[in-house]
Structure formats: C-alpha cells, structure tokens
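We name chains A, B, ... by the order of the sequence lines, and we start the count at 1 in each one.
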Protein chains: 2
Amino acid sequence: MASKEPNSLLHGTLDALVLKTLEAGPQHGYAIARALEAATGGRLDIEEGSLYPALYRMEKRAWIDAEWGTSELQRRVKLYRLTRAGRAQLVRETEAWAAFSRAVSQVLLT
Amino acid sequence: MASKEPNSLLHGTLDALVLKTLEAGPQHGYAIARALEAATGGRLDIEEGSLYPALYRMEKRAWIDAEWGTSELQRRVKLYRLTRAGRAQLVRETEAWAAFSRAVSQVLLT
DNA sequence: CACCTTGCCTAGAGAGTCGAGGTAACGGAG
DNA sequence: CTCCGTTACCTCGACTCTCTAGGCAAGGTG
C-alpha cells in the first residue's frame, strides 16, 4: 500500500532484507513481508511475486531452510530459518550494501 | 578495476548517477564512466556494456540529448547534455534513492 | 452464504546489467 | 615501422531479478 511505481531499486537488496528479517528468528513468508513493511513504516512494499521466488532461490542456495509448521492461528505455514551460510551471506550483503549506498549517496546527495 | 562480482545493486541507480554527472556540464560517455569511478574512489565500476545502453535509453526518454563533438585530444566524441526533463528526472530519482536507501539502511544497519 | 484475511505458489513479461566481442584512431616504445 | 596501450563508441545474447496477475485453500465474520 505504499509505493506505486516498480521498485527497480529493490534489485539485489531483497535477499539481504529477508535474511536480516530471519536473523531475529524463523518466520514464514507472509510474516516476513509484513515485518519488512512494518520495519520501514510501509515505505517498502514487498510483493509476493518477488518474495516467494526469492525465498525459493535462497533455499536452493542453502542460505535458508524451510519446514512446514503451524502458526499461532493454527494455519499451515512454511517456516524459514537462517542457515550458517545464510548468516555469512547476510554479512557479505550488508557490507556490500553499506559500501554501495555510501558511494551512491556521496555522488547523488551532493 | 575495483569490484569483481556483478553489481546487482546498481540496478536502477545508474540513470541517476549519469544524470547527476551531467549536471556539472556536458560530457561524453567514456568521461562519464571515468568521472563516476573517480567520484567514488574506484568503488563504482561502470561497465561500458551497461553505460552505453543506459545513455541510449535516456536519450530516447529525452532526459539527455547528444551531439557529436571533439574532445581536447581532438577525438570524435558524443557529448551528452541534460535536458529540462532530465533535470526533473534527476530530482525524482534522487528523492527516490534517498527514501529507499534510508529505509534499507534502517533495516540492514541495525 | 458471501467476503475478507491469512497463506502459499507460478507463469510470463519486462527491465536492466554484464561479459565479450568488434571498430577506429592516436601516440609512444622498441 | 610495427606493436601496443589508451581513448572512444557500439552491440548481441545471456542472465538475473522484480512485478503483474492470476490461482488455490482454509478460517472467521456478518
């Protein structure tokens, strides 16, 4: 419910955002999207069509693993958990983001 | 000569970076890449395979216009200049970047 | 019963970057 | 004179990722 235009900027950052969200503990997909929207005051709008493929991708890369479980609402949910490799990847991507955003901001924001 | 891995993060920011570079005055493609690398201390590596298509794109969108000229080295160069629409676009993209990077940093950089 | 929310999934389209190539002209080194 | 590095532009195809727009299912509420 926030941004209208396609978020080309999100490219490459979604993985890190998801990994970061999982750092706090296992979550299911829907909750991850909610958490990210909440954490950014609705400024980031995570589309399901982006999120689920991303989760699948990261599972294939063994950055996260999944198991079926039950939510508090007694609903069948797929819980994702950060693996050791995922933790390492999060560190790498966080550093990459920090360096990149610093560089870009330095150019753009006078 | 800086980064080795594909810069997925660059997605969507290249336009803004180029527009910003042209804000200081007309430049040709090669010089734009050099200027951006210099401005970021070599941390941003602008590939020609990304740059020239980007320039072509932005010219089609009338954010920049081009004319052939001669460099100080007496070489044939294509000089790009910011249009009024390009200036407006730069403002929009700068704002979008500021909002986005703030949101992401807020999540990632604890 | 209809409807909203939770919750997961997928196919296809579209956009953009990158690697790897090619062309051309100049200047300096050997 | 030839070779090579630099300047300078261009393009194709592969690849990756996001987004739109659907679909499915179950639960609660009016």
Separation of A:S50 OG from A:H11 NE2 (nearest 0.5 Å): 9.0 Å
OP1 or OP2 of D:dA8 under 4.0 Å from side-chain N/O of B:R34: no
A:V107 versus B:A39, closest heavy-atom pair with distance: CG2-CB, 4.1 Å
Any donor-acceptor N/O pair under 3.5 Å between D:dC9 base and B:E48 side chain: yes
Sorted by number, the residues of residues 11-26 of chain A with heavy-atom contact under 4.0 Å to DNA chain C: none
Length of the CG-P vector between A:L9 and D:dT16, whole Å: 21 Å
d(CD, B:E72; P, D:dT6) in whole Å: 19 Å
Under 3.5 Å: donor-acceptor pair, side chain of B:S71, backbone of B:R75: yes
Residue whose closest nucleotide on DNA chain C lies nearer the 5' end, A:S71 versus A:Y56: A:S71
Residue whose nearest DNA chain C nucleotide is more 5′ - B:R61 or A:P53: A:P53
Whole-Å distance separating the CZ atom of B:R75 from the P atom of C:dT23: 18 Å
side-chain hydrogen bond (donor to acceptor under 3.5 Å, both in side chains) between A:W97 and B:S101, intermediate numbers included: CA-CA 9 Å; A:W97 164 259; B:S101 79; over 6 Å; no
Spacing between A:L55 atom CG and C:dT10 atom C1', to the nearest angstrom: 14 Å
Check ion pair B:K20-B:E23 (N to O, under 4.0 angstrom): yes
Sugar-phosphate only, base, or nothing, as touched by A:G49 at under 4.0 Å among non-hydrogen atoms: base
Presence of B:S8 side-chain N/O under 4.0 Å of D:dC17 phosphate oxygens OP1/OP2: no
Protein-nucleotide distance (A:E37, atom CD; C:dT5, atom P), rounded to Å: 14 Å
Rounded distance in Å - CD1 (A:I46) to C1' (C:dC9): 18 Å
Atom-to-atom span, CG of B:L51 to P of C:dA20 - whole angstrom: 18 Å
Interatomic distance, B:L73 CG vs C:dG28 P [rounded to whole Å]: 11 Å
Beyond-backbone contact of A:I32 with A:L36, side-chain heavy atoms, under 4.5 angstrom: yes
Side-chain N or O of B:Y52 closer than 4.0 Å to phosphate OP1/OP2 of D:dC10: no
Under 4.0 angstrom between B:R57 side-chain N/O and C:dT17 OP1 or OP2: yes
Heavy-atom side-chain contact between B:Q106 and A:R43 under 4.5 Å: yes
Gap between atom CZ of B:F100 and atom OG1 of B:T13 - 0.5 Å precision: 9.5 Å
Under 4.0 angstrom between A:Y30 side-chain N/O and C:dT6 OP1 or OP2: yes
OP1 or OP2 of C:dA25 under 4.0 Å from side-chain N/O of B:R76: no
From C:dC9, D:dC9, D:dT11, nucleotide with atom closest to B:V77 side chain: D:dC9
